[in-house]
Q: 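First, the structure itself, so that you have it in front of you.
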Amino acid sequence: MATHYLQDLTDEDIVLEALPDDVLASMESRDRWTTSLPHADGGLEYLVADLQSWTPGQTVRVAFLGGSDELYSEIEEATRPISEAANLVLDFKEARSYRVWSPQDAEYAAEIRVSFDAGGYFSLVGTDSVNPNIGLPHQPVGGLPYQRSLNLGGFHVTRPATWKGTTRHEFLHALGVHHEHQNMRGPCQVAFRWDDDPGYQPTRDQRGAFVTDINGLRPGIYTYLSGYPNGWSRAKVDHNLRAPSDGQSLISGPFDGSSVMLYRFPPLFYRSHPSPCAPRGDGQEISEGDERGLEVLYPKDEEQLDVIGQRREKLLETIEPALDTDEGLESAGPGLPEIARDAAQRLRASVLQLKR
């Protein structure tokens, strides 16, 4: 059997989400369109949530590529606290068998399509997993039926000690939840060591990971993540670790140091110890803050459901008039008419479901 490159991981390594560049580019194009829309009834943060979250009460199907029934069962069990907190059902089985998907699928076997064979851990955010405008059609990751939407790299070969927290982290992304270290109300942006120690001599171990040099100087975040096991560019580091810089605000409450969406980074990521950005606890369980966030996105209260339905209906009324002529869409960027039409289609379905 071929050796998976993550087999060389140690407990000191950290594997971060690694969405391909073509996926990030399509997400950025979609985000530019999103920020151009009027921000009423809660502002941009609720607009983003309405476009990327599933409908409260919805059944979201999960399917697997590769792996075993034993692995599927353990992943299902690991995600149970998420299903219990949200007004939403994660459905792993077709009849009594775990659902599977194939790179040859022409129709969606599931909204969340899990794989284990790609590098690293990642998930598309919320309804991006069924958005055909996310990613390129000939690439393995994206929003089409035959593309991966969530990857737990190497889990079919070996799992790290923190696999449950990783699984919950990625499935929360799949439900529309974002990183806690990118919470603009939090301390992480000023607490991180972005750059190398002055005078650091780039030094790698036998696996290609950047390590402390002969003088005891350490790589910074940008250098560390460019090596094994992540191989990230500076732009990818910014996308995944920096707080949004364009005014786009994601739904977030006070900073939650116990959130499973807050990475436990290596000590070299932090300027001080203890760091205000360091997680509390082991990062394996969803926190009370995570549960509250899920209750905001997927409430059970009828009044809150009505508010979401009315907000999404107003957003649909904002988008629909431009669809008849594509006025302003083409000039805003390539592919935007398709992005807008897909958003309107999902909003219509969501509004109808919420009215039932």
Q: Looking at Tyr222, does the NZ or CZ of Arg234 lie under 6.0 angstrom from its six-membered ring centre and within 45 degrees of the ring axis?
A: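 Satisfied, under 6.0 Å and within 45°.
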Q: What do you reckon, is CD of Gln139 surrounded by more than 12 foreign heavy atoms closer than 6.0 Å?
A: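 Buried by this count: over 12 neighbours within 6.0 Å.
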Q: Hey, is the main chain of Gln201 close enough, under 3.5 Å, to the side chain of Thr203 for a donor-acceptor pair?
A: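 Yes, the answer is positive, given that a donor and an acceptor are paired below the 3.5 Å cut-off.
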Q: Taking the side chain from Asp197 and the backbone from Tyr200, do they hold a donor-acceptor pair closer than 3.5 Å?
A: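 No, because the side chain of Asp197 does not come within donor-acceptor range (under 3.5 Å) of the backbone of Tyr200.
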Q: After noting the C-alpha distance and the side-chain angles of Val60 and Val89, does the key distance pass the side chain to side chain contact (heavy atoms under 4.5 Å, CB included) rule?
A: CA-CA 6 Å; Val60 178; Val89 176; over 6 Å; no
Q: For the atom pair CZ (Arg193) and OG1 (Thr223), what is the distance rounded to the nearest 0.5 Å?
A: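 The distance works out to 9.0 Å.
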Q: For Asp13, what residues pass the salt bridge (Lys or Arg N to Asp or Glu O under 4.0 Å) criterion, not counting sequence neighbours?
A: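 Here the qualifying residues are Arg207.
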Q: Side-chain heavy atoms under 4.5 angstrom apart, residues restricted to Ile, Leu, Val, Met, Phe, Trp, Tyr: same cluster for Ile75 and Leu65?
A: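 Result: no, two separate clusters.
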Q: Between Glu77 and Arg80, is there a side-chain N and carboxylate O pair less than 4.0 Å apart?
A: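 Looking at Arg80 together with Glu77, the answer is yes, because their closest N to O distance falls below 4.0 Å.
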Q: Given side chain to side chain contact (heavy atoms under 4.5 Å, CB included), test Tyr98 with Val62 step by step and report yes or no.
A: CA-CA 9 Å; Tyr98 281 101; Val62 181; over 6 Å; no
Q: Checking the side chain of Gln353 only, and the main-chain atoms of Ala349 only, is there a donor and an acceptor separated by less than 3.5 Å?
A: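 Between the backbone of Ala349 and the side chain of Gln353 there is no qualifying donor-acceptor contact (under 3.5 Å).
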Q: Quick one: does Ser83's side chain get under 4.5 Å of Leu88's, heavy atoms only?
A: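 The answer is no; the side chains never approach within 4.5 Å.
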Q: Less than 4.0 Å between a side-chain N and a carboxylate O, is that true for Asp91 and Arg99?
A: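 A salt bridge is present here (some side-chain N lies under 4.0 Å from a carboxylate O).
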Q: Check Arg148 with Asp117, please: is the shortest side-chain N to carboxylate O separation under 4.0 Å?
A: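 Salt bridge: yes.
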Q: Applying side-chain contact (heavy atoms from CB on, under 4.5 Å), name anything that partners Pro267, two or more places apart in sequence or on another chain.
A: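 In terms of side-chain contact (heavy atoms from CB on, under 4.5 Å), with neighbours along the sequence ignored, Pro267 is linked to His273.
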Q: Can you tell me if Gln189 uses its side chain to pair, donor with acceptor, with the backbone of Ala243 under 3.5 Å?
A: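 Side chain of Gln189 to backbone of Ala243, a donor-acceptor pair under 3.5 Å: yes, one is there.
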Q: Using modelled atom types only, decide if a donor and an acceptor are shared between the side chain of Ser123 and the backbone of Phe171 within a distance under 3.5 Å.
A: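 Not at all, since once roles are kept as given, no pair shorter than 3.5 Å links the two residues.
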Q: Regarding Asn183 and Glu180, is there a side-chain donor-to-acceptor distance under 3.5 Å anywhere?
A: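 There is such a pair (donor and acceptor under 3.5 Å, judged by atom type) between the side chains of Asn183 and Glu180.
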Q: Report yes or no: do Phe210 and Ile221 belong to one cluster of Ile/Leu/Val/Met/Phe/Trp/Tyr joined by side chain heavy-atom distances under 4.5 Å?
A: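 Unlinked, Phe210 and Ile221 end up in two clusters.
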Q: Taking the basic N atoms (NZ, or NE/NH1/NH2) and the acidic carboxylate oxygens, is any pair closer than 4.0 Å for Glu94 and Arg61?
A: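 Salt bridge between Glu94 and Arg61, a charged N being under 4.0 Å from a carboxylate O: no.
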Q: Would you call Val307 and Arg311 a side-chain contact if the rule is heavy atoms closer than 4.5 Å?
A: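 When only atoms from C-beta onward are counted, Arg311 and Val307 do touch, with a gap below 4.5 Å.
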Q: Counting distance only, does the side-chain N/O of Thr79 pair as donor-acceptor with the main-chain N or O of Glu76 below 3.5 Å?
A: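 Confirmed, Thr79 side chain pairs with Glu76 backbone.
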Q: Kindly state whether the ring of Phe192 and the ring of Phe265 have centres lying under 6.0 angstrom apart.
A: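 Under 6.0 Å, so yes.
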Q: Spell out, as yes or no, whether a donor-acceptor pair under 3.5 Å connects the side chain of Asp105 to the backbone of Tyr108.
A: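 Not at all, since once roles are kept as given, no pair shorter than 3.5 Å links the two residues.
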Q: Please tell me whether Leu241 and Val125 are part of a single hydrophobic cluster in this structure, the criterion being side-chain heavy atoms less than 4.5 Å apart.
A: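 No; Val125 is not reachable from Leu241 via cluster members.
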Q: Considering only heavy atoms from C-beta outward, does the side chain of Pro81 approach that of Arg168 to under 4.5 Å?
A: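 In contact.
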Q: Side-chain contact test, heavy atoms from C-beta onward, threshold under 4.5 Å: evaluate it for Leu316 versus Arg348 and give yes or no.
A: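 Side-chain contact under 4.5 Å: yes.
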Q: If I take atom CZ from residue Arg346 and atom CH2 from residue Trp54, how far apart are they, to the nearest 0.5 angstrom?
A: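 Separation between the atoms: 8.0 Å.
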Q: Check whether any side-chain heavy atom of Trp232 lies under 4.5 Å from a side-chain heavy atom of Ser226, and answer yes or no.
A: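 With C-beta onward as the side chain, the pair stays apart.
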Q: When Gln52 is tested against each of Thr34, Asp128, Thr127 for side chain to side chain donor-acceptor pair (under 3.5 Å), which residue passes?
A: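 Exactly one option meets the side chain to side chain donor-acceptor pair (under 3.5 Å) with Gln52, and it is Asp128.
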Q: Do the side-chain N and O atoms of Ser350 and Thr55 include a donor-acceptor pair separated by under 3.5 angstrom?
A: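 Their side chains do contain a donor-acceptor pair, which is all the 3.5 Å distance test asks for.
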Q: Relative to each other, are the rings of Phe116 and Tyr72 parallel, tilted or perpendicular (30° and 60° limits)?
A: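 Aromatic pair Phe116/Tyr72 classed parallel.
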Q: Taking Asp213 for the side chain and Leu217 for the main chain, is one N or O donor matched with an acceptor at less than 3.5 Å?
A: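 Pair found, side chain donor or acceptor close to backbone of Leu217.
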Q: Is it true that the side chains of Gln104 and Ser102 contain a donor and an acceptor less than 3.5 Å apart?
A: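 A donor-acceptor contact under 3.5 Å links the two side chains.
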Q: Would His173 and Met261 satisfy side chain to side chain contact (heavy atoms under 4.5 Å, CB included), going step by step from the backbone distance to the final call?
A: CA-CA 9 Å; His173 276 319; Met261 302 308 289; 3.4 Å; yes
Q: Any chain of hydrophobic side-chain contacts (each under 4.5 Å) joining Ile286 to Leu262?
A: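 Not linked; separate clusters.
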Q: Between Leu175 and Leu354, is there a shared hydrophobic cluster once you connect ILVMFWY residues whose side-chain heavy atoms come closer than 4.5 Å?
A: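 Shared cluster, no.
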Q: Please examine the side chains of Ser129 and Leu150, heavy atoms only from C-beta on, and report whether any two atoms are closer than 4.5 Å.
A: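 A side-chain contact under 4.5 Å is absent here.
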Q: Checking Val114 against Asn151 for the side chain to side chain contact (heavy atoms under 4.5 Å, CB included) test, could you report, in this order, the C-alpha distance in whole Å, the side-chain angles of both residues, the deciding distance, and whether it holds?
A: CA-CA 6 Å; Val114 182; Asn151 186 69; over 6 Å; no
Q: Under the criterion ring-ring contact (aromatic ring centres under 6.0 Å, His included), I'd like the reasoning laid out for Phe269 against Tyr224: C-alpha separation, chi angles, the key distance, then a yes or no.
A: CA-CA 9 Å; Phe269 274 51; Tyr224 176 84; 5.6 Å; yes
Q: How far does CG of Asp69 sit from NZ of Lys93, to the nearest 0.5 angstrom?
A: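 Answer rounded to 0.5 Å: 8.5 Å.
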Q: Between Glu74 and Lys164, is the closest basic N to carboxylate O distance under 4.0 Å?
A: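 No, this pair does not count.
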Q: Are the side chain of Gln182 and the backbone of His239 linked by a donor-acceptor contact shorter than 3.5 Å?
A: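 Judged by distance alone, yes, a pair lies under 3.5 Å.
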Q: Under 4.5 Å between side-chain heavy atoms, chaining through other members, with only Ile, Leu, Val, Met, Phe, Trp and Tyr counted: pull out the rest of the cluster around Val23, sorted by chain and number.
A: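 Taking Ile, Leu, Val, Met, Phe, Trp and Tyr as members, Val23 shares its hydrophobic cluster with Leu19, Leu24, Met27, Phe122, Leu124, Ile134, Val141.
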Q: Do the non-hydrogen side-chain atoms of Leu51 and Leu37 ever get within less than 4.5 Å of each other?
A: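 Yes. Closest side-chain heavy atoms under 4.5 Å.
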Q: Between Asn131 and Asn133, is there a side-chain donor-acceptor contact under 3.5 Å, judged purely by atom types and distance?
A: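 Judged by distance alone, the side chains do pair up.
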Q: Verify whether the ring centers belonging to Tyr263 and His169 lie closer than 6.0 Å.
A: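 Distance test on ring centres: under 6.0 Å, yes.
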Q: Donor-acceptor pair, Trp194 side chain versus Gly220 backbone, under 3.5 Å?
A: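 No: the side chain of Trp194 does not pair with the backbone of Gly220.
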Q: Answer yes when Arg218 and Asp196 have at least one side-chain N-carboxylate O distance shorter than 4.0 Å, and no when they do not.
A: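 Asp196 and Arg218: not salt-bridged.
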Q: Contact between Leu294 and Glu291 at the side-chain level, heavy atoms closer than 4.5 Å - yes or no?
A: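 A side-chain contact under 4.5 Å is absent here.
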